[in-house]
Amino acid sequence: MKNKPYYKRPESVLVVMYTLTDEVLILRRCQPPDFWQSVTGSLRWDETDPLDTARRELCEETGLSEGLEIMACNVTNRFPILPPWRHRYAPGIKENIEYVFQVCLPERRPIVLNPVEHSECKWLPRTVAADKVTSWSNRDAILALPPLKR
């Protein structure tokens with residue numbers, strides 16, 4: 001593809017971080033306003049493994065990198081790229097492929113947001129987080145988290 005480095009790659013990761021007390025981390029994007037999501041991000045053109053992207057995005061968006069076990073959910077979503085974001089992709093690209101991951105923590109950890117991307121974060125109970133996130137794939141990934149052993 002000509003000029004591919006100037007366009008975003010239409011492949012991304014979704015990383016749902018949750019605790020053993022069934023709280024899910026969600027982040028509020030700066031733009032568009034009131035868009036809540038889990039950790040997400042596009043694969044770079046030179047990245048060949050979505051797991052590498054998941055590690056990078058977790059560090060960039062939360063400041064966390066040490067001691068994280070990132071588990072692939074073996075779920076791949078395909079969805080239309082919303083019109084407000086289509087200009088970021090090469091002409092004619094209308095769909096994105098998303099690879100889903102999860103990270104379970106024993107308890108909440110302090111989050112350091114990237115202020116360019118996110119303005120706020122919350123740890124919420126699973127069902128509340130699922131109701132608050134904007135995208136259907138994020139909601140489904142939260143609701144599909146393994147049940148906690150009590």
Side-chain angles (χ1 to χ4, degrees), residues 1-19 23-105 108-124 126-146:
M1 179 188 308
K2 188 177 181 183
N3 296 328
K4 70 180 176 185
Y6 299 105
Y7 293 111
K8 284 184 74 158
R9 184 170 164 180
E11 289 181 87
S12 64
V13 297
L14 169 67
V15 186
V16 179
M17 184 174 290
Y18 67 106
T19 68
E23 293 179 302
V24 175
L25 176 69
I26 61 170
L27 313 170
R28 182 181 189 171
R29 290 193 65 83
C30 294
Q31 287 298 321
D34 213 33
F35 191 102
W36 288 89
Q37 65 186 138
S38 293
V39 171
T40 63
S42 294
L43 277 73
R44 292 180 178 158
W45 290 104
D46 63 345
E47 289 176 321
T48 58
D49 187 347
L51 179 58
D52 293 335
T53 305
R55 283 189 190 102
R56 176 178 54 77
E57 289 294 338
L58 274 166
C59 187
E60 287 176 4
E61 294 187 8
T62 68
L64 300 177
S65 60
E66 297 299 317
L68 299 180
E69 184 178 354
I70 304 169
M71 304 290 296
C73 296
N74 298 317
V75 172
T76 303
N77 298 310
R78 182 181 294 267
F79 54 85
I81 298 167
L82 297 175
W85 287 300
R86 246 188 240 143
H87 70 278
R88 298 177 180 178
Y89 299 87
I93 300 296
K94 294 184 179 161
E95 285 190 327
N96 187 71
I97 297 170
E98 175 183 74
Y99 307 97
V100 182
F101 296 87
Q102 60 183 254
V103 175
C104 181
L105 299 173
R108 292 181 186 185
R109 286 174 65 181
I111 302 301
V112 178
L113 295 177
N114 175 346
V116 172
E117 290 189 60
H118 298 101
S119 61
E120 183 180 357
C121 69
K122 293 183 180 190
W123 289 96
L124 297 174
R126 180 189 308 226
T127 56
V128 176
D131 286 342
K132 190 144 184 82
V133 294
T134 306
S135 84
W136 65 267
S137 66
N138 201 161
R139 181 193 64 237
D140 289 357
I142 291 170
L143 294 175
L145 291 170

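Along the sequence shown, residues carry numbers from 1. Quantities reported herein were computed from a predicted structural model and do not represent experimental measurements.
- Note: Lys94 NZ to Leu82 CG = 13.5 Å, rounded to the nearest 0.5 Å.
- Residues satisfying the side chain to side chain donor-acceptor pair (under 3.5 Å) test with Ser38, not counting sequence neighbours, are Asn138.
- Taking every heavy atom of both residues into account, Val24 and Ala129 meet most closely at CB-CB, 3.7 Å.
- A distance-only check finds a donor-acceptor pair linking the side chain of Trp45 to the backbone of Tyr7 [under 3.5 Å].
- Using a 4.5 Å heavy-atom threshold, the side chains of Val100 and Ser137 count as separate.
- Residues satisfying the salt bridge (charged side-chain N to carboxylate O under 4.0 Å, His left out) criterion with Arg86, sequence neighbours excluded, are absent altogether.
- Judged purely by atom type and a 3.5 angstrom limit, His87 uses its side chain to pair as donor or acceptor with the backbone of Pro84.
- Residues Ser119 and Leu113 have side chains not in contact (no heavy-atom distance under 4.5 Å, counting atoms from C-beta outward).
- For Thr127, the side chain to side chain contact (heavy atoms under 4.5 Å, CB included) criterion is met by no residue, not counting sequence neighbours.
- Counting all heavy atoms, side chain and backbone alike, Trp123 lies closest to Arg108 at CB-NE, 3.4 Å.
- In this view, Asp46 and Arg44 satisfy the side chain to side chain contact (heavy atoms under 4.5 Å, CB included) rule, not counting sequence neighbours.
- Every residue meeting the side chain to side chain contact (heavy atoms under 4.5 Å, CB included) condition with Cys104, not counting sequence neighbours, appears here in chain and number order: Tyr18, Leu20.
- Of all heavy-atom pairs between Val15 and Ala54, the closest is CG2-CB, 3.7 Å.
- Rounded to the nearest 0.5 angstrom, His118 NE2 and Thr40 OG1 are separated by 5.5 Å.
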**Message:** Applying side chain to side chain contact (heavy atoms under 4.5 Å, CB included) to Trp36 and Glu120, what does each step give before you reach the verdict?
**Reply:** CA-CA 9 Å; Trp36 288 89; Glu120 183 180 357; 3.6 Å; yes

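- Across every non-hydrogen atom of Ser12 and Asn96, the tightest pair is OG-ND2, 2.8 Å.
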**Request:** Starting from the C-alpha separation in whole Å, work towards a yes-or-no answer on side chain to side chain contact (heavy atoms under 4.5 Å, CB included) for Thr62 and Ile111.
**Result:** CA-CA 5 Å; Thr62 68; Ile111 302 301; 4.0 Å; yes

**Prompt:** Yes or no on side chain to side chain contact (heavy atoms under 4.5 Å, CB included) for Val39 and Met17, after CA distance, side-chain angles and deciding distance?
**Reply:** CA-CA 8 Å; Val39 171; Met17 184 174 290; 5.6 Å; no

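- In terms of the salt bridge (charged side-chain N to carboxylate O under 4.0 Å, His left out) criterion, residue partners of Asp34 (sequence neighbours excluded) are, by chain and number, Arg28.
- The stretch residues 126-139 participates, sequence neighbours left out, in these salt bridge (Lys or Arg N to Asp or Glu O under 4.0 Å) pairs: Asp22-Arg126.
- Put simply, OG on Ser42 and CH2 on Trp85 are 11.5 Å apart, with the number rounded to the nearest 0.5 Å.
- With sequence neighbours left out, the side chain to side chain donor-acceptor pair (under 3.5 Å) criterion links Tyr99 to Glu11.
- Not counting sequence neighbours, Arg88 has no partner by the side chain to side chain donor-acceptor pair (under 3.5 Å) test.
- In summary, Glu47 and Arg9 do not engage in a salt bridge, as defined by a charged side-chain N under 4.0 Å from a carboxylate O.
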Tabulate below the donor-acceptor pairs under 3.5 Å that side-chain atoms of residues 63-81 make, not counting sequence neighbours, or state none.
from	atom 1	to	atom 2	distance (Å)
Asn77	ND2	Glu98	OE1	3.0
Arg78	NH1	Glu95	OE1	3.3

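- Among all heavy-atom pairs drawn from Gln37 and Val133, the shortest one is CA-CG1, 4.1 Å.
- For Asn114, the side chain to side chain contact (heavy atoms under 4.5 Å, CB included) criterion is met by Val116, Glu117, not counting sequence neighbours.
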